[in-house]
Amino acid sequence: MAIHLYNSLTRTKEEFRPLVEGQVGMYVCGPTVYGPPHLGHAKSYLTFDVLAKYLRQTGLKVRYVQNITDVGHLTDDADAGEDKIIKQARLDQVHPWEVVDRYMRLYFDDMTALRIAHPSFYVRASQHIGEQIEAVVALLKKGHAYEVDGNVYFDVGSFAGYGKLSGRVMDEQREAVRVEARSEKRHPRDFALWKRAEPGHILRWNSPWGPGYPGWHIECSVMSTKYLGETFDIHGGGLENMFPHHECEIAQSEAETGKPFARFWVHNNMVTVDGVKMGKSLGNFRTVRDLLQKHTPEAIRVFVLSTHYRSPTNYTEEAIGAAATGLGRLTQCYATLRDLETRGAPGEEPAIAGLCADTARALGEAMDNDLDTPGAIAQIYEFVTAVNRRLTTGPLPAAAAREAARLLHTWAGDLLGILAEPAAGEGNVDLAPIMDLVIELRKDLKAAKQFSLADKIRDRLKTAGIVLEDTRDGTRWRKA
RNA sequence: GGCGGCAUAGCCAAGUGGUAAGGCGAAGGUCUGCAAAACCUUUACACAUCGGUUCGAAUCCGAUUGCCGCCUCCA
């Protein structure tokens with residue numbers, strides 16, 4: 001069975017087949033770099049990280065392009081408002097590109113910390129100004145745009161398909177509410193392709209219409225089609241960008257090329273905090289950096305991925321804590337299996353091979369079902385329970401342990417990124433031989449019934465961050 | 001006002017017509033010198049409410065209530 005994805009364009013779950021067999025082109029709306037990444041970014045880029053990894057795992061070659069919006073856009077789509085990046089630059093008293101550089105690096109660092117792989121490559125709006133101007137010229141030439149005093153607007157009325165993604169009909173809606181008395185636009189629905197730079201607007205480029213800067217939507221149309229083709233497979237982004245951003249992208253692109261734009265539109269839902277949308281403008285956002293202070297990357301990932309990407313994620317400290325606790329069993333099981341890989345007895349165990357095959361199949365079915373990561377996580381936990389149950393009867397043969405460990409490594413580690421590798425020899429000194437000695441000495445103490453001393457060792461080690469666990473097969477240790 | 005979505009156990013969360021996955025928490029138990037870990041058992045006979053379709057619905061249709069998102073920048 002091939003992967004099925006919910007396509008916002010058709011509002012149904014469809015089987016995904018790439019345009020070109022074996023190859024996938026995917027474009028995802030990246031951040032505007034004027035502030036620190038927050039949990040909302042994490043959910044979005046985590047979603048597409050897992051999607052790209054899963055597509056690759058199924059054997060497809062994926063070109064995953066993500067943009068960085070670094071030219072700034074107005075805080076308001078009317079002619080009022082201030083460019084977000086320029087505003088931040090003014091607040092920080094630095095050049096706008098220092099803002100861009102700072103938050104772009106922070107973005108890369110935080111994504112890396114969350115085990116989100118780099119896309120195939122990033123593209124920056126500021127490095128595609130020429131192409132954006134060309135696109136505006138082409139739209140003007142085709143009669144889909146008009147210029148007014150250094151501003152160029154897209155004529156929405158000239159594109160019949162406008163509204164097909166978001167379901168918005170071209171009526172008055174709340175036009176009357178919006179104060180646009182001085183607008184030069186022919187119709188309130190029209191949107192800017194190119195904006196005239198007012199004095200003091202530092203980020204500006206020369207154009208046939210005078211100095212200015214591109215409109216918000218045009219960069220994605222230009223960069224996606226430049227690197228993926230006029231029609232490409234998947235366009236992803238946050239749900240809140242469906243309208244107007246994605247709707248406008250479609251209008252511009254299809255008006256210019258006359259061909260279908262993205263085939264699949266994949267939108268992730270929002271993150272709320274205590275039931276309220278988390279947003280930069282609301283000031284209630286949790287930055288990735290803050291979260292990483294309290295939780296491991298794996299815990300954050302398992303928390304986010306245990307809600308389906310199309311459902312809202314409600315952040316509470318309790319929920320993320322519960323997710324982190326549950327992860328402990330997985331981590332422990334994996335560490336035990338890795339240990340048995342080297343120490344386990346020779347021989348085979350068909351039951352484990354069967355369990356691995358069944359689990360892998362179930363995991364594939366879950367992922368094929370519109371990226372059902374909660375279902376996949378449930379499968380992994382069931383697998384862990386089954387392995388642990390088997391381990392209560394004695395150690396596993398090395399080969400079986402290796403196979404079980406590989407399954408966890410592939411799905412929980414490489415794909416979902418929720419599996420922490422056992423920390424081996426942190427720091428300069430390898431603790432293993434030291435711990436072997438301590439454990440051996442303590443074993444002698446226990447044999448001599450010197451329990452209070454044995455307990456003291458265990459207590460002191462716990463204070464030092466090392467947990468001892470006495471099992472039937474001897475004592476093992478791990479970092480707390 | 002327009003468009004869209006969601007309502008499942010104490011909490012989080014799957015479920016896409018055949019009589020409710022998984023995680024956390026809680027209770028009991030096995031193992032253990034004790035502890036920890038692990039395992040076992042229990043924890044949803046009204047899946048928001050009311051109707052309807054069907055042999056059969058958490059799952060489809062309608063209405064109602066509540067919540068959320070978009071319609072202005074936001075992942």
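What you see is a predicted model, and the numbers here were worked out from it, not measured in a lab. Naming: A, B, ... by sequence-line order, numbering from 1 per chain. Keep in mind that the numbers below use all heavy atoms, side chains included, and drop hydrogens, waters and symmetry copies.
Proximity of residues 445-453 of chain A to RNA chain B (heavy atom under 4.0 angstrom from any strand atom) is restricted to A:Lys446, A:Phe451. If you check residues 100-121 of chain A against RNA chain B, you find no residue with a heavy atom closer than 4.0 Å.
Between the side chain of A:Glu247 and the backbone N or O of A:Gly163 there is at least one donor-acceptor pair closer than 3.5 Å.
Judged purely by distance below 3.5 Å, without hydrogens or angles, the side chains of A:Ser221 and A:Glu249 never pair a donor atom with an acceptor atom. No hydrogens or angles considered: nothing links the side chains of A:His38 and A:Thr287 as a donor-acceptor pair under 3.5 Å.
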> Are A:Gln66 and A:Tyr64 close enough, and set up right, to give a side chain to side chain donor-acceptor pair (under 3.5 Å), and what steps lead you there?
Replying inline: CA-CA 7 Å; A:Gln66 190 181 119; A:Tyr64 171 12; 3.0 Å; yes
>> A:Asp233 vs A:Phe264, test: side-chain contact (heavy atoms from CB on, under 4.5 Å). Steps then yes/no.
In response: CA-CA 6 Å; A:Asp233 293 308; A:Phe264 278 74; 5.9 Å; no
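Separating the NE2 atom of A:His41 from the P atom of B:rC74 is a distance of 10 Å, rounded to the nearest angstrom. One can place CD of A:Glu240 at 9 Å from P of B:rC71, the figure rounded to the nearest angstrom.
Partners of A:Ser126 under the side chain to side chain donor-acceptor pair (under 3.5 Å) rule, at least two apart in sequence or in another chain, are A:Asp70.
Here salt bridge (charged side-chain N to carboxylate O under 4.0 Å, His left out) pairs that include residues 294-304 of chain A, with residues two or more places apart or in two chains, are A:Asp49-A:Arg301, A:Arg115-A:Glu298, A:Lys294-A:Glu317.
Within 4.0 Å (heavy atoms only), A:Gly326 reaches sugar-phosphate atoms of the nucleic acid but no base atom. Using a 4.0 Å heavy-atom cutoff across all strands shown, A:Asn241 reaches sugar-phosphate atoms only and no base atom. Within 4.0 Å of A:Thr47, counting heavy atoms only, lies no atom of the nucleic acid at all.
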Between protein and nucleic acid, restricted to nucleotides 35-42 of chain B and to nitrogen or oxygen atoms under 3.5 Å apart, what atom pairs and distances do you find?
unit_1: B:rA35; atom_1: N6; unit_2: A:Asp470; atom_2: O; d: 2.8
unit_1: B:rA35; atom_1: N1; unit_2: A:Asp470; atom_2: N; d: 3.1
unit_1: B:rA35; atom_1: N3; unit_2: A:Arg458; atom_2: NH1; d: 2.9
unit_1: B:rA36; atom_1: N1; unit_2: A:Asp470; atom_2: O; d: 3.0
unit_1: B:rA37; atom_1: O4'; unit_2: A:Glu469; atom_2: OE2; d: 3.3
unit_1: B:rA37; atom_1: O2'; unit_2: A:Arg476; atom_2: NH2; d: 3.3
unit_1: B:rA38; atom_1: O3'; unit_2: A:Asn388; atom_2: ND2; d: 3.1
unit_1: B:rC39; atom_1: OP1; unit_2: A:Arg329; atom_2: NE; d: 3.4
unit_1: B:rC39; atom_1: OP1; unit_2: A:Asn388; atom_2: ND2; d: 3.3
unit_1: B:rC40; atom_1: OP1; unit_2: A:Arg389; atom_2: NE; d: 2.8
unit_1: B:rC40; atom_1: OP1; unit_2: A:Arg389; atom_2: NH2; d: 2.7

>> Please encode protein proximity along nucleotides 8-15 of chain B as a string of B, S and -, counting only heavy-atom distances under 4.0 Å.
In response: ---S-SS-
